[in-house]
4 protein chains.
Amino acid sequence: MEPMNMRTPTPEKPVGGRREATRRKLFDAAVTLISEQGYGSTTVDEIAERAGVAKGTVYYNFGGKDELYAALMKWGVTRLADTLREAVPAPGMEPRRALTEVLRAGVVFIGTHEALARLLMAEAWRTNRSWYATVRQIRTQAIGVITERLDVLVERGLTRPDLDTSLAGSALFGMVVTVALDWRTLQPERPIEEIHTTLAHMADGLIGSPASPR
Amino acid sequence: MEPMNMRTPTPEKPVGGRREATRRKLFDAAVTLISEQGYGSTTVDEIAERAGVAKGTVYYNFGGKDELYAALMKWGVTRLADTLREAVPAPGMEPRRALTEVLRAGVVFIGTHEALARLLMAEAWRTNRSWYATVRQIRTQAIGVITERLDVLVERGLTRPDLDTSLAGSALFGMVVTVALDWRTLQPERPIEEIHTTLAHMADGLIGSPASPR
Amino acid sequence: MEPMNMRTPTPEKPVGGRREATRRKLFDAAVTLISEQGYGSTTVDEIAERAGVAKGTVYYNFGGKDELYAALMKWGVTRLADTLREAVPAPGMEPRRALTEVLRAGVVFIGTHEALARLLMAEAWRTNRSWYATVRQIRTQAIGVITERLDVLVERGLTRPDLDTSLAGSALFGMVVTVALDWRTLQPERPIEEIHTTLAHMADGLIGSPASPR
Amino acid sequence: MEPMNMRTPTPEKPVGGRREATRRKLFDAAVTLISEQGYGSTTVDEIAERAGVAKGTVYYNFGGKDELYAALMKWGVTRLADTLREAVPAPGMEPRRALTEVLRAGVVFIGTHEALARLLMAEAWRTNRSWYATVRQIRTQAIGVITERLDVLVERGLTRPDLDTSLAGSALFGMVVTVALDWRTLQPERPIEEIHTTLAHMADGLIGSPASPR
DNA sequence: CATGAATGAGGGTTCATTCAT
DNA sequence: CATGAATGAACCCTCATTCAT
């Protein structure tokens, strides 16, 4: 009656039992299909078929289509957090470098989890769906990291002091996402370094010099 | 049997008769609902109800849900073109100004056609849907205008000569859309001028000075 | 969006429009099938097929299987009320006769609405289903009429004064229903008069003479 | 492969082992749930959960839902037979007493096996279900005992000679069941003796005196 | 002797579409 | 020019059943 929750695996057994493997297969299938077709236009049948399991398995593991999607989003939060953790600046890292590194992390994330990123962006502006809170959380998390590093720049006087770091964070976020997804969509063969370098240049310009521009 | 096309109104009747009014009501209803819920999760019943007409009327006027959506997109292209036309730089306008003016046009468009903008952005990264071509066209059109003006800046030596104007156009587009929709979503009471000014500052920095940075 | 309610027919149009006819066909089909197989074992497909309409029509008219069943029950209340109304005793009717006449009405009802009666009896003791209230109402209504007439007998001193008319009403109700349904099930060819006469005899005995028995 | 039958317990293990306990738990759970919701609306999951065992256990012990229900019915037949055996009249018992004693047995049965009784009554009038034969058998058994005792009364001239004992048996059966279940449903706190006494009074009246009434 | 993850046929429901009015 | 009752394909979901452990 209540198989809807992840089972805490017993310590002696290896992690990644049958159930967890099934869930992962379903996540992979769902994220791809929904990113391509949208939530409402993707059927549970399609997801199950692509995952190589029976339809009933979706319901046994998640309880329903909505719940699968919600779980998918939560899984996405974790994935992003993992990526951002790797971009934590080393103690003595130069602040401008710290900023461009987090932008690189964003590009890497989108390169690695392209389908998830597309899906997230498609949902980003639908403010009244039940899983909006989770989507918003992901955005806030990502933008927050950018804003933090901009704040450091302001503190150290490395950019103009009146910079609205919150709005600038949002702007950089949109810039990175748009450029990175355009890259994946239109020129996927282009090396990631090229994208990152250009983006870093632009960010540098955007930050500008301590003296207010113009 | 084929009432799908706009009828040329009979001379004795005034333009914008009952039919045109009905179509407009349906557009308004559809764009709002679909921007909130997505295409696949919005029903013809809902659209008709919100428009205050019977369900059959949708079919009488557009022929089907897909056709309504297609017409909606075309209508969106026109709306964007209208807005951009107003941002055509006067003959002698300073190039940097010409750029910031088109960004302003973008913000204005999103402020005026918020639901349409949300809908378009949600579809922006779904590359394999039947109406993707139209969505891409709108994006290309908008980015194209930005890129053109960046090209002018490069020509005149007002920015660093190696600027990838195409990629930068895409970046500015993402920046504007993200900031503008965040504004509508989180701080709709904030005056549009404030948004535009901040955006212009950032664009200026991003363009930088003729000497390549770093 | 709200076609779930009966439309009040416009006065100039004849009662029994298309919609009402559809609803009646569905009632007939549902009552027969459910009385034979039970609610949970009867499918909407079966009901629609027997009624000669598409499955969707059930949902268009009632909103769901549960609601169809609830409406069916309410319809049953009306049918019973109609039958009982015809058994209202004439002003000067002899009290014992008044009692046996209502028992006859019960037999007639079961003979006329056999399927409905079976269905009602099957639900009579399931106290925690959502439509139990309606079923109970029907029972209470029927037993109430019997009890009333027993009360008259007590008042006029035509039976023993300590008769628990409420419990006796329930007992007579159970007697009538059981005998009548057994008749329909095992000897449907037997004339209704025979059943009624035997039942009347027994009721007479049960009421007994004014002096307490034994 | 065929664990469907009770295993003769191995000599060293005590009778009524784990297996028998499991079956009993499942009977209890099933009879309660099915009496409340009906067969078609009760799931194996619910039964297993209420019994406190895993779903597979139902299949291990009974082979399927239908088989569990069939076993339940057989168990019901046994329970009723047990109760009726206790009401076998002592050799010299007065015939009228013998009748009221069997009615008491009926009330006791319903008081003791309330859920089973409700379930049986719900199925009583569904003539075309696979287990109808078993239900009919139980009814016939119960009514048969009543009819036998009425026959004795007729034989000994203690009631009117033209009594249709078969029909009267059915009537008394319906009376007892209805009154007893109404008692359990509406006034379970009332002592069983009160119910029985009232019922005995009514039965006495119904039988009446040797001279035909009216 | 028992478990519970997985299955898939089938049931309830939705909804784009048709058509008589 | 518009309506809304009716339709049925396709959808989400349930649940009896199986089977590896």
Side-chain angles (χ1 to χ4, degrees), chain A residues 1-3 7 13 17-23 40-48 52-68, chain B residues 3 7 17-23 40-48 53-61 63-68, chain C residues 1-3 7 17-23 40-48 53-68, chain D residues 3 7 17-23 40-48 53-61 63-68:
Chain A
M1 266 269 105
E2 282 286 344
R7 216 179 33 170
K13 276 187 185 172
R18 194 176 174 197
R19 187 148 186 182
E20 218 45 45
T22 301
R23 291 172 71 99
S41 303
T42 302
T43 68
V44 175
D45 271 288
E46 288 174 314
I47 296 172
V53 300
K55 204 200 315 199
T57 303
V58 176
Y59 293 88
Y60 184 73
N61 279 281
F62 294 99
K65 192 187 177 188
D66 276 13
E67 289 89 336
L68 164 60
Chain B
R7 222 179 33 170
R18 196 174 168 195
R19 185 169 184 130
E20 219 44 46
T22 300
R23 292 172 68 99
S41 302
T42 301
T43 69
V44 175
D45 266 297
E46 285 174 313
I47 296 171
V53 302
K55 202 205 296 214
T57 304
V58 175
Y59 291 85
Y60 183 74
N61 278 280
K65 190 187 180 187
D66 278 6
E67 290 89 336
L68 164 59
Chain C
M1 265 271 107
E2 283 285 346
R7 217 180 33 176
R18 194 175 174 198
R19 187 147 185 182
E20 217 46 44
T22 301
R23 291 172 70 98
S41 304
T42 301
T43 69
V44 174
D45 271 290
E46 287 174 314
I47 295 172
V53 302
K55 203 196 323 197
T57 303
V58 174
Y59 292 87
Y60 184 72
N61 279 281
F62 294 98
K65 191 187 179 188
D66 275 13
E67 290 89 336
L68 164 59
Chain D
R7 220 180 34 168
R18 198 173 166 194
R19 185 168 185 132
E20 217 45 43
T22 300
R23 292 173 69 99
S41 302
T42 301
T43 69
V44 174
D45 267 296
E46 287 174 312
I47 295 171
V53 301
K55 203 206 295 217
T57 304
V58 175
Y59 291 85
Y60 183 73
N61 278 281
K65 192 188 180 187
D66 278 5
E67 289 88 335
L68 164 59

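Since the structure is predicted, the reported quantities are computational estimates derived from the model, not experimental observations. Chain identifiers are assigned alphabetically (A, B, ...) following the order of the sequence lines, protein sequences preceding nucleic acid strands; residue numbering begins at 1 within each chain.
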Q) Could you run down nucleotides 9-14 of chain E 5' to 3' and tag each one B, S or - for protein heavy-atom contact under 4.0 Å? A) -BSBBB

Q: Verify side-chain contact (heavy atoms from CB on, under 4.5 Å) between A:Leu68 and A:Tyr59, making sure each step is shown before the conclusion.
A: CA-CA 9 Å; A:Leu68 164 60; A:Tyr59 293 88; over 6 Å; no

Q: Take D:Thr22 and D:Tyr60, measure what side-chain contact (heavy atoms from CB on, under 4.5 Å) needs, and give me the verdict at the end.
A: CA-CA 11 Å; D:Thr22 300; D:Tyr60 183 73; over 6 Å; no

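The CD-P distance, from D:Glu20 to E:dA2, rounds to 11 Å in whole Å. Remark: P of E:dT17 and CD1 of B:Ile47 are 11 Å apart, rounded to the nearest angstrom. If you measure from atom CZ of C:Arg23 to atom C1' of F:dA6, you get 15 Å, rounded to the nearest angstrom.
Remark: A:Thr57 engages no residue in a side-chain hydrogen bond (donor to acceptor under 3.5 Å, both in side chains) (not counting sequence neighbours). Considering only residues two or more places apart in sequence or on other chains, B:Lys55 meets the salt bridge (charged side-chain N to carboxylate O under 4.0 Å, His left out) condition with B:Asp45. Qualifying side-chain hydrogen bond (donor to acceptor under 3.5 Å, both in side chains) partners for A:Thr42, counting only residues two or more places apart in sequence or in other chains: A:Gln37. For C:Glu46, the side-chain hydrogen bond (donor to acceptor under 3.5 Å, both in side chains) criterion is met by C:Thr43, not counting sequence neighbours.
Nearest heavy atom pair, residue C:Ser41 against residue D:Gly40, reads OG-CA, 3.7 Å.
Both C:Val58 and B:Val53 lie close to DNA chain F; mapped to their nearest nucleotides by heavy-atom distance, the more 5′-ward contact belongs to B:Val53. In terms of position on DNA chain F, the residue among C:Thr22 and B:Thr57 whose nearest nucleotide sits closer to the 5' end is B:Thr57. Mapping A:Ala54 and B:Ser41 onto DNA chain E via the closest heavy atom, the residue that lands nearer the 5' end is A:Ala54.
OP1 or OP2 of F:dA2 sits under 4.0 Å from a side-chain N or O of B:Asn61.
A salt bridge (charged side-chain N to carboxylate O under 4.0 Å, His left out) check over residues 57-68 of chain A, counting only residues at least two apart or in different chains, returns nothing.
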Q.
Dot-bracket for DNA chain E, please. Rules: Watson-Crick or G-U, both distances under 3.5 Å, ( ) within the strand, [ ] when a pair crosses earlier ones, | for another strand, . otherwise.
A. .||||||||||||||||||||

